[in-house]
Number of protein chains: 2
Amino acid sequence: MSAEQSNFYSTQDKILIATDCIIFGFDNQSIKLLIFKRIVDPFAGEWSLIGSFVQNNESVTNAAKRVLTEITGLENVFMQQSQVYGAVERDPGARCITVGQYALIRIEDQDIELVEKHGAVWHDLDEMPNLVLDHNQLVEDALSQLRLKASYQPIGFELLPEKFTIPSLQRLYESIYQKKFDDRNFRKKIIALDVLTKLDEKDKSTSKKGAFLYKFNRRKYDRLVEKGINFKL
Amino acid sequence: MSAEQSNFYSTQDKILIATDCIIFGFDNQSIKLLIFKRIVDPFAGEWSLIGSFVQNNESVTNAAKRVLTEITGLENVFMQQSQVYGAVERDPGARCITVGQYALIRIEDQDIELVEKHGAVWHDLDEMPNLVLDHNQLVEDALSQLRLKASYQPIGFELLPEKFTIPSLQRLYESIYQKKFDDRNFRKKIIALDVLTKLDEKDKSTSKKGAFLYKFNRRKYDRLVEKGINFKL
DNA sequence: TTTTATAAATGTATTAAATACATTTAATAT
DNA sequence: ATATTAAATGTATTTAATACATTTATAAAA
């Protein structure tokens, strides 16, 4: 639409436009979600996603990035639009539509003081509390989209540190899909993607034997993302 | 977000919120897109998607359905959110964000008088003219999403009449993906999905021999959609 | 009535990918 | 030296994807 053209231009009341961030994080064990307890009424004390109204001088995308940086200190984070929530009565306070946008971050990268200052906490996905408004729905939708995306792009990689082990990559995928995979087949399939470089180092934090560390071959990885893979698990 | 809670509540100017429909139609030969020539300035005479501002008393979803019904006379059409376009300067006339929503319709079902009254025309996808604003981008994005969706849901079926032949189903998929498929393998794969019922009738409009008509087994079809398939072509 | 023309329909062999499954290895701690 | 434990490895089987050529049903033309 071009604003001047609509028959409805003059009759549209102010509709507020917000964005809410579904922030997924991985700590090498499981996927978690960053939420916080609202401080002010209404809904004070209730769990909520972290969001903001879109400002006059920023895009919808940038609004979400701004919020994410405010809370976690991180920039250049992978973010993806999930969908728009535009029901008339979704917010009892005002007519307000929101754009769900999910982010994938490595929890270890966060600015922990900033996160704590905002009263934000990492919550396990399988025991999410009730969130305000339709926020549980936003989480559910973002998670389905994440799963879908993980099936045709090696997207989970955004959540891993620079160096990582194959068992931790497997835990990541198991956490996204909430199910177990056969370790032999998982390893075979990941290696067949041909985007990993094996290092000479081991991570001995989870076993005596230690697991070899790997990193991504960025060139191969980007080429793979571009052409689109079928990474069904 | 809950409106009352934002720090920014008082500082948010009016941002207009619109929706634009990417209306895909199939005429048993190829996929086409419904666009129209704007009548008023700015951009008078230029090709545009069909859209509207979201009204106070309607959801974003319903705004798109309203527009679609206004133009084509159709109700209960398959519609799907594509994405939000929220760049600050995307519309020179006003700060306006839009939600792209694509629809799949059978061209034969349209109310042709209504369509003509609005000056809307069906355009081939492979020779799209320049559209106003970022509308070419909306079309491109919706088309990628349609292709993606078609790969894990038998979504193309929304575009076919109640009774259809396997060759016309194949033309549909070839039109969506803009490439040819082997007719033996295509047929094998479609039949393996086990959602089609073969009828005793033939459609002889495209050959002397005639092609058998099929229809969907709605129960099996819904079950398949629900569990999600892998329909790679 | 025979012939011609044409899209529709069918089958098989080959290759590639997914799955199922059990043992050995490397290192630390006892 | 032994016990312990996660990491690493290989193979056989099943399933799905691909490549490819001929026959069939019918209407129209001769």
Side-chain angles (χ1 to χ4, degrees), chain A residues 28-30 147 150-154 160-161 163-175 177 179-215 224 227-233, chain B residues 27-30 150-154 160-161 163-175 177 179-215 224 227-233:
Chain A
N28 285 320
Q29 284 305 130
S30 68
R147 282 181 184 141
S151 74
Y152 61 87
Q153 276 186 22
L160 292 165
K163 300 173 181 179
F164 54 88
T165 66
I166 289 185
S168 84
L169 181 56
Q170 182 169 348
R171 282 194 294 275
L172 170 59
Y173 274 91
E174 288 177 340
S175 175
Y177 288 107
K179 68 176 184 181
K180 294 281 177 198
F181 301 112
D182 181 277
D183 57 341
R184 292 154 291 190
N185 294 340
F186 180 84
R187 186 179 291 262
K188 198 188 309 173
K189 204 155 174 179
I190 286 288
I191 287 172
L193 283 181
D194 189 30
V195 294
L196 300 187
T197 305
K198 188 175 182 175
L199 305 177
D200 262 344
E201 294 171 74
K202 278 186 165 184
D203 169 13
K204 293 193 178 153
S205 65
T206 56
S207 80
K208 292 157 186 168
K209 180 178 178 181
F212 278 102
L213 288 162
Y214 288 76
K215 60 180 182 182
L224 188 65
K227 77 168 188 182
I229 56 159
N230 189 344
F231 191 65
K232 236 179 79 219
L233 275 173
Chain B
D27 60 3
N28 284 321
Q29 283 305 128
S30 69
S151 74
Y152 62 88
Q153 276 188 23
L160 291 165
K163 300 173 180 180
F164 55 89
T165 65
I166 289 185
S168 84
L169 180 56
Q170 183 169 348
R171 281 194 295 276
L172 170 60
Y173 274 91
E174 288 177 341
S175 175
Y177 289 107
K179 68 175 183 183
K180 294 280 176 198
F181 301 112
D182 180 278
D183 56 341
R184 291 155 290 188
N185 294 339
F186 181 85
R187 186 179 291 262
K188 198 189 308 174
K189 203 154 175 178
I190 285 290
I191 287 171
L193 282 180
D194 189 31
V195 293
L196 299 187
T197 306
K198 188 175 184 174
L199 305 177
D200 263 343
E201 293 171 74
K202 278 187 166 185
D203 168 14
K204 293 195 178 153
S205 65
T206 56
S207 78
K208 291 157 187 169
K209 181 179 179 179
F212 279 102
L213 286 162
Y214 289 77
K215 60 179 182 183
L224 188 66
K227 77 169 188 182
I229 55 156
N230 190 344
F231 191 63
K232 237 179 77 213
L233 277 173

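Note on naming: letters A, B, ... go to the chains in the order of the sequence lines (proteins, then strands), and numbering restarts at 1 for each one.
- Under a 3.5 Å cut-off, the side chain of A/D183 and the backbone N or O of A/F186 do not form any donor-acceptor pair.
- In this view, B/N185 and B/D182, B/K188 satisfy the side-chain contact (heavy atoms from CB on, under 4.5 Å) rule, not counting sequence neighbours.
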Annotated protein contacts, base or backbone, on nucleotides 21-30 of chain C with a non-hydrogen cut-off under 4.0 Å, one of B, S, - each: BB--BBBB--
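- A straight line from CG of A/L213 to C1' of D/dA8 spans 15 Å, rounded to a whole angstrom.
- With sequence neighbours left out, B/K180 forms a side-chain contact (heavy atoms from CB on, under 4.5 Å) with B/E174.
- The nearest whole Å value for the distance from the CZ atom in A/F186 to the P atom in D/dA6 is 18 Å.
- Considering only residues two or more places apart in sequence or on other chains, A/K189 meets the side chain to side chain donor-acceptor pair (under 3.5 Å) condition with none of them.
- Following rounding to the nearest Å, B/F212 (CZ) and D/dT26 (C1') show an atom-to-atom distance of 12 Å.
- Within the 4.0 Å cut-off from OP1 or OP2 of C/dA8, not a single side-chain nitrogen or oxygen of B/T165 is found.
- Between the CG atom of B/L233 and the P atom of D/dA19 there is a distance of 13 Å, rounded to whole Å.
- With sequence neighbours excluded, the residues satisfying side-chain contact (heavy atoms from CB on, under 4.5 Å) with A/Q153 are A/K149, A/I155, A/V225.
- A/I190 places its CD1 atom 15 Å from the C1' atom of C/dA17, with the value rounded to the nearest Å.
- Taking 4.0 angstrom as the limit, B/K232 places none of its side-chain polar atoms (N or O) nearer than this to OP1 or OP2 of D/dA17.
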Using residues 205-215 of chain B as the side-chain source, report each donor-acceptor pair under 3.5 Å to any protein atom, sequence neighbours left out, with the distance given to one decimal.
from   : atom 1 : to     : atom 2 : distance (Å)
B/S205 : OG     : B/D203 : OD1    : 2.8
B/S205 : OG     : B/D203 : OD2    : 3.2
B/S207 : OG     : B/G210 : N      : 2.8

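- Going from atom CG of A/L169 over to atom P of D/dA7 covers 13 Å, rounded to whole Å.
- For B/R171 and C/dA7, the CZ to P distance is 11 Å, given to the nearest whole Å.
- Rounded to an integer number of Å, the gap from A/I191 CD1 to C/dA17 P is 16 Å.
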